[in-house]
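Below is one structure, written out as structure tokens, with a few remarks after it.
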Protein chains: 2
Amino acid sequence: MTDTVVFLLGKLGQLATNRFADRLAPLGLRPRHCGVLELLRVAPMAQLDLARRLDVAASVIVDMLDQLEAVGAVRRTRDVADRRRQLVELTPEGESLCRQAAHLARRVDAELLATLEPGHAASARDVLGRLAVAHGIPTDAAAGPR
Amino acid sequence: MTDTVVFLLGKLGQLATNRFADRLAPLGLRPRHCGVLELLRVAPMAQLDLARRLDVAASVIVDMLDQLEAVGAVRRTRDVADRRRQLVELTPEGESLCRQAAHLARRVDAELLATLEPGHAASARDVLGRLAVAHGIPTDAAAGPR
DNA sequence: TATTGTTATACTCTATAACTATA
DNA sequence: TATAGTTATAGAGTATAACAATA
């Protein structure tokens, strides 16, 4: 049973996420913040729009934005047209943190794939991308232009 | 950044584990119990040996065994030679639950890979197995004879 | 003293419901 | 009444330290 795809994905996902979390910690970021930063890098967005795009609960967005605001990565501004809404935008500091996080992610990738032959590493990227698409996980490629 | 291996492994691992957890729930099991059951299927073992083999804290083992005892899957018996130790063994009910869990795991595997072409599905199994070995995740193959 | 198992504590992540203020 | 955001609460997972019994 421990050689099934579901079991291996679970273990490897946990291992990869823990390692990424360790690298992000000095930046004051956590892995789940990265999806938020990347969406906001394209355009400012209301909180519930973020929640829908990331498929998480509204209360989780509030918490994450509190943390991102604390490190100066985002700014919330009341929408003058509809005063219920907060428009969330990336600060210059947030842009910088997003770039640094992306760099760290690529470094962790290299480590995770380090012992694989180049062909197997390429195969890993390919098949994980296919699985993500198959299960509706939004990726950069699916999100549109950079 | 959301198209990195570390990010995709994290998301897919979470998705796979959640789906597996839903399927296991009617059995009174959780995904993390499966590693315990599979080790005990080979031979009874003391609790700290389980902890070392599974690389989890001793207190986590206590908690998991409490849950597995509650569903009748395992039995703890005091070691007469060293009365500090508890020998943990699988009950016939535990054997049955282990087989049912393995069946469910293979079903979830089939679903996860359903939309992939056979070649890509085989590639997924291959590359996840290689990554597991590379990072010291114990699998059936590494654990010895069945 | 060291080891086995247990309990207590705490922190993260996730999910839900109740609440406010605006519309 | 419906929506945007917030707060409170609870559950699972994980990690550490303190503790009792035994060696």
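Heavy-atom basis, side chains included; hydrogens, waters and symmetry copies ignored. Order of the sequence lines sets the chain letters (A, B, ...), proteins ahead of strands, with each chain counted from 1.
Residues A/Arg76 and A/Gln47 have side chains that bring a donor and an acceptor to within less than 3.5 angstrom of each other. Between B/Arg30 and B/Gln67, the side chains place no donor N or O within less than 3.5 Å of an acceptor N or O (distance only, hydrogens not considered). There is no side-chain donor-acceptor pair under 3.5 Å between A/Thr139 and B/Thr2. A donor and an acceptor atom, one from each side chain of B/Ser96 and B/Gln100, are located under 3.5 Å apart.
What separates CD of A/Gln67 from P of C/dT14 is a distance of 11 Å, to the nearest Å. Spacing between atom CG of A/Leu29 and atom C1' of C/dT12 amounts to 16 Å, rounded to whole angstrom units. In this structure, B/Leu65 places its CG atom 10 Å from C1' of C/dG5, rounding to the nearest Å. Between B/Leu87 atom CG and C/dT3 atom P the separation is 19 Å, expressed in whole Å. Distance A/Asp79 CG to C/dT22 P: 13 Å, rounded to the nearest Å. Computed from coordinates, the B/Arg84 CZ to C/dG5 P distance equals 9 Å when rounded to whole Å. If you measure from atom NE2 of A/His33 to atom P of C/dT12, you get 11 Å, rounded to the nearest angstrom. Atom P of nucleotide D/dG13 and atom CE of B/Met64 are separated by 10 Å, given to the nearest angstrom.
Across the interface with DNA chain C, nearest-nucleotide mapping of B/Arg85 and A/Ala57 shows B/Arg85 to be the residue nearer the 5′ end. Nearest-nucleotide assignment on DNA chain D puts the 5′-proximal partner with B/Arg30, out of B/Arg30 and A/Asn18. Of the two residues near DNA chain D, B/Pro31 and B/Val80, the one whose nearest nucleotide lies more 5' is B/Pro31. Nearest-nucleotide assignment on DNA chain C puts the 5′-proximal partner with B/Asp63, out of A/Ala81 and B/Asp63.
Closest contact between the side chain of A/Val62 and the listed nucleotides C/dT6, C/dT3, D/dT7 involves D/dT7. Side-chain proximity of A/Arg52 to C/dT6, D/dT6, D/dA4: nearest is D/dA4.
With hydrogens and angles ignored, no donor-acceptor pair closer than 3.5 Å exists between the side chain of A/Ser59 and the base of C/dT14. The base of C/dT22 does not come close enough to the side chain of A/Arg83 for any donor and acceptor atom to sit less than 3.5 Å apart.
A side-chain donor-acceptor contact under 3.5 Å links A/Thr4 to the backbone of A/Met1. Without hydrogens or angle criteria, B/Arg78 side chain to B/Arg84 main chain gives a donor-acceptor distance under 3.5 Å.
If you check every strand for non-hydrogen atoms under 4.0 Å, A/Arg76 touches sugar and phosphate atoms only. Using a 4.0 Å heavy-atom cutoff across all strands shown, B/Ala21 reaches no nucleic acid atom at all. B/Gln14 comes within 4.0 angstrom of sugar-phosphate atoms only, judged by non-hydrogen atoms across all strands, and of no base. Heavy atoms of A/Asp82 sit under 4.0 angstrom from primed sugar atoms or phosphate atoms, though from no base atom.
Residue A/Arg78 places none of its side-chain N or O atoms closer than 4.0 Å to OP1 or OP2 of D/dG5.
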